[in-house]
Amino acid sequence: MITKELGKAFESAEAEKRLYEYWLKNKYFHAQDKSDAEPFSIVIPPPNVTGMLHMGHALNNTLQDVIIRFKRMQGYNTLWMPGMDHAGIATQNVVEQKLSREGISRHDLGREEFIARVWEWKEQYGGVIINQLKRLGCSCDWERERFTMDEGLSQAVREVFVKLYNEGMIYQGDYIVNWCPRCHTAISDLEVEFVSDASFLWNIRYPFADGSGEIVVATTRPETMLGDTAVAVHPDDPRYKSKIGKSVILPLMNKEIPVIADDYVTMDFGSGAVKITPGSDPNDFAMAQRHNLEIISVMDGQGIINEHGGRYKGQDRYEARKNVLADLEKEGYLVGTEPYAHNVGQCYRCRTDIEPMVSKQWFVKIKPLAKQAMAAVTKKKTKIVPASWESTYFDWMNNIRDWCISRQLWWGHRIPVWYCDDCSNIIVATVDPDSCPTCGGTSLRQDEDVLDTWFSSSLWPFSTLGWPKRTKALKTFYPTSLLITGFDILFFWVARMMMMGIYIMKDVPFKAVYLHALVRDEKGEKMSKSKGNSIDPLVMIDQYGADAFRFTLTAYTAQGRDVRMSPERIEGYKFFVNKIWNAAKLTLNNLADYDESAPLPAADSLPDIWIKAKLNETIEEVTRSLDEYRFNDATASIYNFIWHEYCDWYLEISKPALYGKVSPGQKQVTQRAMKEVFATMLQLLHPFMPFLTEELWQALNNSDEHSIMVSRFPAVRESWENKVSEKEMETLMEIITSIRNIRGEMRIPPSHKLGVLISAADAAVKTLIETGSGYIVNLSNLASLKVEVNLVEPKGVATGVVGTTRIFVPLAGVVDIAGEKTRLEKELAKVSKDLEQSARKLANSDFRAKAAPEIITKEEAKLKESQEKFSTLEGALKKLKEIAG
RNA sequence: GGGCGGGUAGCUCAGCUGGAAGAGCGCCACGCUUACACCGUGGAUGUCACAGGUUCGAGCCCUGUCCCGCCUACCA
């Protein structure tokens, strides 16, 4: 048969480009809206439109592609839905920075013009990551690519908002929220990151208004005292019981505030009294609501003290802190300062310290949604893998607070709420209203805020499939089969998709979710630009090829473990690619004169049967591993098969047959087996190394008519199972290894062809060895091989033992006898340790009484083997000593 | 403060339901054998963090301790 000639090495860069285009051209990535085949769908975790491919994306998308290609080859109607996220804050930041280089702000442009600029930016620079995903080999259905801000998805957002609003699940109100003074927007609890700050605890004296002494409070944020509206103590605190209801004078502000009692206060912290600033602290805000306290905001949206801050007006919050402290000191109110470590909340986007502020925001009532989302996991409607994440999921859901969904940004889905200036009616609608349905007035103002980006992301599994339209795609692919994502967005995204999917679609968004770990550097540190330890995936692809890179990521993915990426390991798998390439060259070269149509002259030889049995086991392992998302096991299994079974043994042992040194018939039989095994092996490897396998598949078939990616994934074949032949082949392999071992240990030069004698325990073993003698002679470089049943050990030989078989390598004239003596002694020590262990176990009556029968049988066999080996080695040693004298 | 994960060969890590400790890299020796030196053949290397316990049997199960990560939390 004709195969394509292969070059010296796999040219990954050239091949990747060519083959990806080939796949696209043939629409192999495209899923059918309607099909007889069973559907299998995954939605991509949409990368930010501003994003550049980093290691996290590379890992996440490689795993998705592995599963998608695997399922596609298994015959499913496979959809991998791609797309991007509009990333409200991030994108707005990028465009604002660009504008500031031009010397303008978004306010100079106005809202409409600014948004137009963002779209312009998106068209020009946005979505580079899509092309980067293509370089990884991702087989997404690009024809379906969606964007959270596109028309359909925006409609979905409105529909959901209106539905939630109408059903009382969305409300608006003045509450304390996390405010970022730099981004000028509220953010959700999740978007706040806490960092430890080595600061101070300042103790401040608040005198009683009636002059009867004072009360000392401690704070980490003295500047907020400007907005204090109470001092709280524990109701049971004997020190303060009598003071409850009295007033203290707020220093610097000279106003009276009450002393109240609330069991939120911890008696044994500090003085047991705490200042209450409802406008600047969420706990204090809650207390203010319980006690009907006045709520004063002393800062504006930029973190600058406003008119409620008295003489500090106009000062930035850090400057105000300094001045407040100085004044307190000066006026004798500062009692003490102690070093204190506490956590400061920062904006996850820009690292600015968060300022808790009271403002009017929109919220989603979350408890009812969370309840359903938990039930779905409890009832296994959605399976979380690894299951250990379930407790984290439940814990978060149980302690969840209402979701603040409004953002004071311009880029995003504008809240579909209008206010009528004529009758102050509120209109919540999916379509922009022209006039007020209540009074008919036309002066309508739309709410200025946009929605949290995660709001639209939470709809992703159904909005991308066409909802609110009832599309065929939606019917076919929802609920999706699987979600693969990093555990870091379990709350941000996974949990919210669960809630929205169940609420809107009345069904879970995905039947399973696989959470993978984070990619770190070699030292285990999180990769980041600022640390300078990040590895660019694209550089890795350029350097080692996408296949080696993907294989590395997959091989690193053990459940529940961080991925520590190092270029050395990628290089190692590049060597694996090279190994496969060369094995392919050998394979293909030896198929040149193979006539597939010719009748088969003989049955498979022992190595042929063996390699198929091994391949069968590999198919089973790879399939099971992928079914269970045990990615590292899948790669280990296939790596071992290709390198150590196919290359190291099968190809080597088959060479004589392939070179026609056995018989013409045998050559053809081996060609047939080799071709089949090689082709199957490529298919097994395809999900991990799509480019290399496609290239070799086409070379093997000398055609690009049928892509490997739409070929049928190998299935286990009962006819390939053969435990007996496997065992026989293993015996031959062990004999070969034993002779090689003696050669190596005894420093017998490879050029020296040995004459070996083998003693078989019985006629059956003798026949086996004789049948395989060609393999043994060839692979252990022998001049001659003689096999007898119970051969008497000759003098001056090195002895090897394989089960009941004894191998004698004459040493006369080759090496000194002392070397063999050392080798035997070493071997003997090892065996006697095994022997002792087994004997001790079997001598234990409890073991015999309680262990499973098959374990006992196994142990007995082990003992027998050790005993035989021991006596053989001992005998050999004795003989050697006789010679040596 | 709670929760989770981890501590196995020099390094990075596997080890699924408890039954003779594994891989890759590195290391040592030998080798240009007509696919591959990005290779081949052979070899060395472990008180499985520590202390108890359960069990005939523990890297794996239980208890405690010590380190190291991460997540979460309203003690000012």
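Nothing here was measured: the structure is a model prediction, and the numbers come from that model. Below, chain A is the first sequence line, B the second, and so on; all start at residue 1.
- Shown here are the side-chain hydrogen bond (donor to acceptor under 3.5 Å, both in side chains) partners of A/E865, two or more places apart in sequence or in another chain: there are none.
- In this view, A/K862 and A/E859 satisfy the side-chain hydrogen bond (donor to acceptor under 3.5 Å, both in side chains) rule, not counting sequence neighbours.
- Looking at residues two or more places apart in sequence or on another chain, you find a salt bridge (Lys or Arg N to Asp or Glu O under 4.0 Å) between A/D542 and A/R135.
- Scored by the salt bridge (Lys or Arg N to Asp or Glu O under 4.0 Å) test, A/D593 finds A/K667 as partners (sequence neighbours excluded).
- With sequence neighbours excluded, the residues satisfying salt bridge (Lys or Arg N to Asp or Glu O under 4.0 Å) with A/E193 are A/R351.
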query: In the 5'-to-3' direction, what one-character label does each nucleotide of nucleotides 70-76 of chain B receive under the scheme B = base within less than 4.0 Å of a protein heavy atom, S = sugar-phosphate only, - = no such atom?
result: ---BBBB
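- Rounded to a whole Å, the CG atom of A/D648 is 17 Å from the P atom of B/U33.
- A distance of 6.0 Å or more separates the ring centres of A/Y573 and A/F549.
- One atom, OH of A/Y393, and another, P of B/G5, lie 19 Å apart when rounded to the nearest Å.
- In this structure, A/N640 atom CG and B/A14 atom C1' are separated by 13 Å, rounded to whole Å.
- Counting all heavy atoms, side chain and backbone alike, A/T670 lies closest to A/A657 at OG1-CB, 3.7 Å.
- Regarding A/M674, its CE atom lies at a distance of 12 Å from the P atom of B/A35, rounded to whole Å.
- Near RNA chain B, defined here as any heavy-atom distance below 4.0 Å, the residues from residues 651-660 of chain A are A/E652, A/K655, A/Y659, listed numerically.
- Salt bridge status for A/K585 with A/E5: absent, with no side-chain N to carboxylate O gap under 4.0 Å.
- Legend: residues meeting side-chain hydrogen bond (donor to acceptor under 3.5 Å, both in side chains) with A/S637, ordered by chain and number and at least two apart, are A/E621.
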Below 3.5 Å is the cut-off: list the nitrogen or oxygen pairs between protein and nucleotides 43-48 of chain B, distance only.
| unit_1 | atom_1 | unit_2 | atom_2 | d |
| --- | --- | --- | --- | --- |
| B/G43 | OP1 | A/N741 | ND2 | 2.8 |

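- For the C1' atom pair drawn from B/C68 and B/G42, the interatomic distance equals 39 Å after rounding to whole Å.
- Of the N and O atoms on the side chains of A/E338 and A/N203, at least one donor lies less than 3.5 Å from an acceptor on the other residue.
- Rounded to an integer number of Å, the gap from A/R740 CZ to B/U41 P is 6 Å.
- For the P atoms, the distance from B/C16 to B/G7 is 12 Å, rounded to whole Å.
- The residues A/R624 and A/E620 are annotated as salt-bridged, a charged nitrogen and a carboxylate oxygen being separated by less than 4.0 angstrom.
- When each of A/W649 and A/F576 is assigned the nucleotide of RNA chain B with its nearest heavy atom, A/F576 is the one assigned upstream, toward the 5' end.
- A/W643 has its ring centre less than 6.0 Å from the ring centre of A/Y639.
- Each of A/L692, A/T552, A/I541 was compared with A/D547 under the side-chain contact (heavy atoms from CB on, under 4.5 Å) criterion, and only A/L692 meets it.
- Below 30°, between 30° and 60°, or above 60°: for A/F551 and A/F576 the angle between ring planes is between 30° and 60°, a tilted geometry.
- Rounded to an integer number of Å, the gap from A/L553 CG to B/U12 P is 19 Å.
- Environment of CZ in A/R401: sparse, with no more than 12 heavy atoms of neighbouring residues, nucleotides or ligands closer than 6.0 Å.
- In this structure, A/I736 places its CD1 atom 15 Å from C1' of B/G40, rounding to the nearest Å.
- Annotation: B/G43 and B/U47 have their C1' atoms spaced 24 Å apart (nearest Å).
- Residue side chain A/K579 reaches the base of B/C36 through a donor-acceptor N/O pair under 3.5 Å, judged by distance alone.
- Atom name C1', nucleotides B/C39 and B/C32: the rounded distance is 10 Å, in whole Å.
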task: Using a 4.0 Å heavy-atom cut-off, write out nucleotides 18-32 of chain B from 5' to 3' as B (base contacted by protein), S (sugar-phosphate only) or - (no contact).
output: -BB---S----SSS-
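- Base pairing in RNA chain B yields stems of at least 3 consecutive Watson-Crick or G-U pairs, both distances under 3.5 Å, namely B:1-7 with B:66-72, B:10-13 with B:22-25, B:27-31 with B:39-43, B:49-53 with B:61-65.
- Nucleotides B/C67 and B/U17 place their C1' atoms 31 Å apart, quoted to the nearest Å.
- The interatomic distance linking A/L779 (CG) with B/U33 (P) rounds to 16 Å, in whole Å.
- Between B/C27 and B/C11, the distance separating the two P atoms is 15 Å to the nearest Å.
- Using cut-offs of 30° and 60° on the angle between ring planes, the pair A/Y514 and A/Y629 is tilted.
- Straight-line distance between the C1' atoms of B/U55 and B/G2: roughly 33 Å, to the nearest whole Å.
- Looking at residues two or more places apart in sequence or on another chain, you find a salt bridge (Lys or Arg N to Asp or Glu O under 4.0 Å) between A/R205 and A/E214.
- B/C4 and B/C61: their P atoms are spaced 14 Å apart (whole Å).
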